[in-house]
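Computed from heavy atoms alone, side chains included, the values below leave out hydrogens, waters and symmetry copies.
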Amino acid sequence: MEERDKRRVGEEIEPGGRPKAPGRLELLQRFVNTHNHDFPAEWDRIGTGERAGQWLRRKGLVAPRDRVSDADAARLRELREALRALVVANHGGRPDAEAGTIRRLTAGARLRVAIDDAGRTALEPASDGVDGAVATLLGILHEAQIGGDWSRLKGCRQCGYAFFDRSRNRSAAWCAMAICGNRTKNRTYYRRGRPAP
């Protein structure tokens, strides 16, 4: 894959051509995938306050006038990695430590229940700026858990990339079989083929 295409992974294209997560869960998936640890650190879409601000504005999570500091970006990166650990735990692990980290990082993110003219309710952020963006992501997490889609958002066991598992038996383990699945299988094959020391 060319560098130009690698830079689009997580935003415009999915590894292995997987479909994106449904509805608003796609935004949470995109947030987790703002950086793939297989790529250079400078590719991190929320690596600095300026880059985080650009990404949040493109996604409609902050207003054009909202300022995003480097400290905000550090908080967002820590939240991203805690959420990544949660999606990796959707393979059957225990996310105890990550839940505490998410509670700490979202303490200032307030949500309110809004109701439209048809009587439908939705969770909305009660503040603007980065706290509002964090509240929106937290609301999406809550909605996905209640709606049953959360358990299908998984983290690749090889690279941590968040993908939506559409398999019937919910057993997908890698972002793409052709990429991380093959890496894992090749590593296992190599270990088995080596003579014992």
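A heavy-atom distance below 4.5 Å is found between the side chains of I102 and L83. Put simply, the side chain of D131 does not reach to within 4.5 Å of the side chain of P125, judged on heavy atoms. With a 4.5 Å cut-off on side-chain heavy atoms, F164 and P19 do not count as touching. Here the side chains of R157 and V88 are not in contact, with every heavy-atom distance at 4.5 Å or above. L61 places a side-chain heavy atom less than 4.5 Å from the side chain of L27. For the pair L28/W150, a side-chain contact is recorded, criterion being any heavy-atom separation below 4.5 Å from C-beta on.
Contact record, V32 with A162: CG1-CB, 3.7 Å, taken as the closest heavy-atom pair. Minimum heavy-atom separation, H35 to W43: CD2-C, 4.1 Å. What you find for A21 and L153 is that their closest heavy atoms are CB-CD1, 4.5 Å. For the pair V62 and A133, the tightest heavy-atom approach, listed with the atom from each and the gap, is CG1-CB, 4.2 Å. Shown here for N36 and C159, the closest heavy-atom pair between the two residues is ND2-SG, 4.0 Å. The two residues T101 and A82 come nearest to each other via the heavy atoms CG2-CB, 3.9 Å.
Taking the charged nitrogens against the carboxylate oxygens, R77 and E81 have no contact shorter than 4.0 Å, which rules out a salt bridge. Residues R24 and D149 are not paired through a salt bridge, judged by the lack of any N-O separation under 4.0 Å between the basic side chain and the carboxylate. Between E78 and R104, at least one side-chain nitrogen of the basic residue sits less than 4.0 Å from a carboxylate oxygen of the acidic one, meeting the salt-bridge criterion.
The distance from atom NZ of K154 to atom CD of Q29, rounded to the nearest 0.5 Å, is 13.5 Å. A distance of 8.0 Å separates CD1 of I46 from CG of L79, quoted to the nearest 0.5 Å. Atom CZ of R152 and atom CZ of R166 lie 8.5 Å apart (nearest 0.5 Å). Here the straight-line distance linking atom NE2 of H142 with atom CG of L123 works out to 5.5 Å at 0.5 Å rounding. A distance of 9.5 Å separates CZ in F163 from CG in N90, rounded to the nearest 0.5 Å. With values rounded to the nearest 0.5 angstrom, L138 atom CG is found 10.0 Å from E143 atom CD.
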- Message: As a quick check of understanding, evaluate side chain to side chain contact (heavy atoms under 4.5 Å, CB included) for L76 and L56, giving each step before the final call.
- Response: CA-CA 10 Å; L76 290 168; L56 293 169; 3.8 Å; yes

- Message: Determine whether K59 and F31 satisfy the following criterion, side chain to side chain contact (heavy atoms under 4.5 Å, CB included), listing intermediate values before the conclusion.
- Response: CA-CA 10 Å; K59 300 301 179 191; F31 177 70; over 6 Å; no

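Taking a 6.0 Å sphere around CD of E124, one finds it holds more than 12 heavy atoms contributed by other residues, nucleotides or ligands.
Between the side chain of T106 and the backbone N or O of A109 there is no donor-acceptor pair closer than 3.5 Å. With E98 contributing its side chain and L86 its backbone, the two residues share no donor-acceptor pair below 3.5 Å. Judged by distance alone, with hydrogens and angles left aside, the side-chain atoms of R57 form a donor-acceptor pair with the main-chain N or O of G53 at under 3.5 Å. Looking only at distances, no side-chain donor or acceptor of D44 sits under 3.5 Å from a matching main-chain atom of A41. No side-chain donor-acceptor contact under 3.5 Å links R51 to the backbone of R45.
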